[in-house]
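Below is one structure, written out as structure tokens; the observations come after it.
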Amino acid sequence: MIEEAARLIARSRFAIAFTGAGISAESGVPTFRGSGGLWRQYRAEELATPEAFRRNPRLVWEFYRWRMNLIRKAKPNRAHYALAELEKMGVLKAVITQNVDDLHREAGTENLIELHGNIFRVRCPSCGYGEDLKKSGRLEEFLAGKSLPRCPDCGSLLRPDVVWFGEALPEDAMNRAFGLAERADVCLVIGTSGVVYPAAYIPRIVKESRGIVIEINTGESGITPVADIFLRGRAGEVMERLVRMIRRLVK
Ligand code: APR
Ligand code: ZN
């Protein structure tokens, strides 16, 4: 199956990748629903909804500062680097991710669509002010802070620039992602449970446009029923083997 997957990707006209928390598991970033997953330990409705933020912004910021601290220490793994390499080879046209951990960017992926935002960005719901704390160099000071972060322009409470449950996806990102899915003849789906919509429509849109879905996961997921090829295994190991085969095929 992995040889067949390598052939399909190497010969593809417009291949894309769609990723979830499982691709970052080997980087030490907890997933959401797997064993030890965040939503197994914590109640999402108390930490990742606009209502929770209105009710108790201090608790929500404590949770996000904890996650930011954990994720900033994480490094991209072989799967992230393999996707960046496939893009440089011209084989992969884009990566659509549900992850907010910035690891695809750190691995060198250029055409990246973050459907659920980025945990190192903050924004002001009142005046629209936005800041990438990595780019502004204020991440350390921000994480060291105990007080609630305020907007430098209008003084309102800043929030993490991520998509919470019950919120719409950023329109531009969603339209770009759906457009890519319609064009794709191959979609590599890596490490997602495929149960969160509208993101989980991506592989289905590829199928409806007669594209091929290749899934990599340690177990079956909500995507497996629509996958043409299912490669069971850890993303880092499988992607390393896959990219080695593709290198030989495109030489
Ligand atoms: N390699 C490949 N797959 C893995 C690995 C690994 N090393 N480890 C775990 N997985 C798989 C699990 O089997 C599971 O199917 O990754 C998937 C992770 O699923 P979730 O934890 O549900 O994460 P995800 O699908 O990204 O969640 C979607 O839900 O909580 C919201 O906004 C959040 O973006 C997130 C969305
Ligand atoms: Zn503001």
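Fair warning: this is a prediction, and the values are worked out from it, not measured in the lab.
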Contacts table for residues 82-90: side-chain donor-acceptor under 3.5 angstrom, sequence neighbours left out:
residue: E85; atom: OE1; partner: R247; partner atom: NH2; Å: 3.1
residue: E85; atom: OE2; partner: R247; partner atom: NE; Å: 2.6
residue: E87; atom: OE1; partner: E110; partner atom: N; Å: 2.7
residue: E87; atom: OE2; partner: E110; partner atom: N; Å: 3.4
residue: E87; atom: OE2; partner: N111; partner atom: N; Å: 2.8

What residues form a ring pair (Phe, Tyr, Trp, His ring centres under 6.0 Å) with [X], not counting sequence neighbours?
| X | value |
| --- | --- |
| F178 | none |
| F14 | none |
| Y129 | none |

>> Closer than 3.5 angstrom, by distance alone: can the side chain of T218 be matched with the main-chain N or O of R234 as a donor-acceptor pair?
In response: no
> Does the S221 side chain pair with the main chain of I223, one donor and one acceptor, at a distance under 3.5 Å?
Replying inline: yes
> What closest approach, in Å, do V213 and V226 show between heavy atoms, and which atom pair accounts for it?
Replying inline: CB-O, 3.8 Å
> So which pairs with a foot in residues 152-174 pass salt bridge (charged side-chain N to carboxylate O under 4.0 Å, His left out), sequence neighbours left out?
Replying inline: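 Of all non-adjacent pairs touching residues 152-174, those that pass salt bridge (charged side-chain N to carboxylate O under 4.0 Å, His left out) are R121-D161, R123-D161, R159-E167.
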>> Which residues pass the side-chain hydrogen bond (donor to acceptor under 3.5 Å, both in side chains) test with T31, not counting sequence neighbours?
In response: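 Result, side-chain hydrogen bond (donor to acceptor under 3.5 Å, both in side chains) vs T31: none returned.
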Does [X] have any salt bridge (charged side-chain N to carboxylate O under 4.0 Å, His left out) partners at least two apart in sequence or in another chain, and if so, which?
| X | answer |
| --- | --- |
| K251 | none |
| R11 | none |
| R65 | none |
| R241 | none |

> Which pairs, with at least one residue in residues 216-250 and sequence neighbours excluded, count as a ring-ring contact (aromatic ring centres under 6.0 Å, His included)?
Replying inline: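 Passing the test, one end in residues 216-250: no pairs.
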> Should the pair F53 and W61 be assigned to parallel (<30°), tilted (30 to 60°) or perpendicular (>60°) ring geometry?
Replying inline: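 Geometry flag for W61 against F53: perpendicular rings.
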> Transitive ILVMFWY cluster of Y81 at side-chain heavy atoms under 4.5 Å: who else is in it?
Replying inline: none
> Got a sec: does the CZ of F142 have more than 12 other heavy atoms crowding it under 6.0 Å?
Replying inline: yes
> Take atom NZ in K73; do more than 12 heavy atoms of anything else shown fall under 6.0 Å from it?
Replying inline: yes
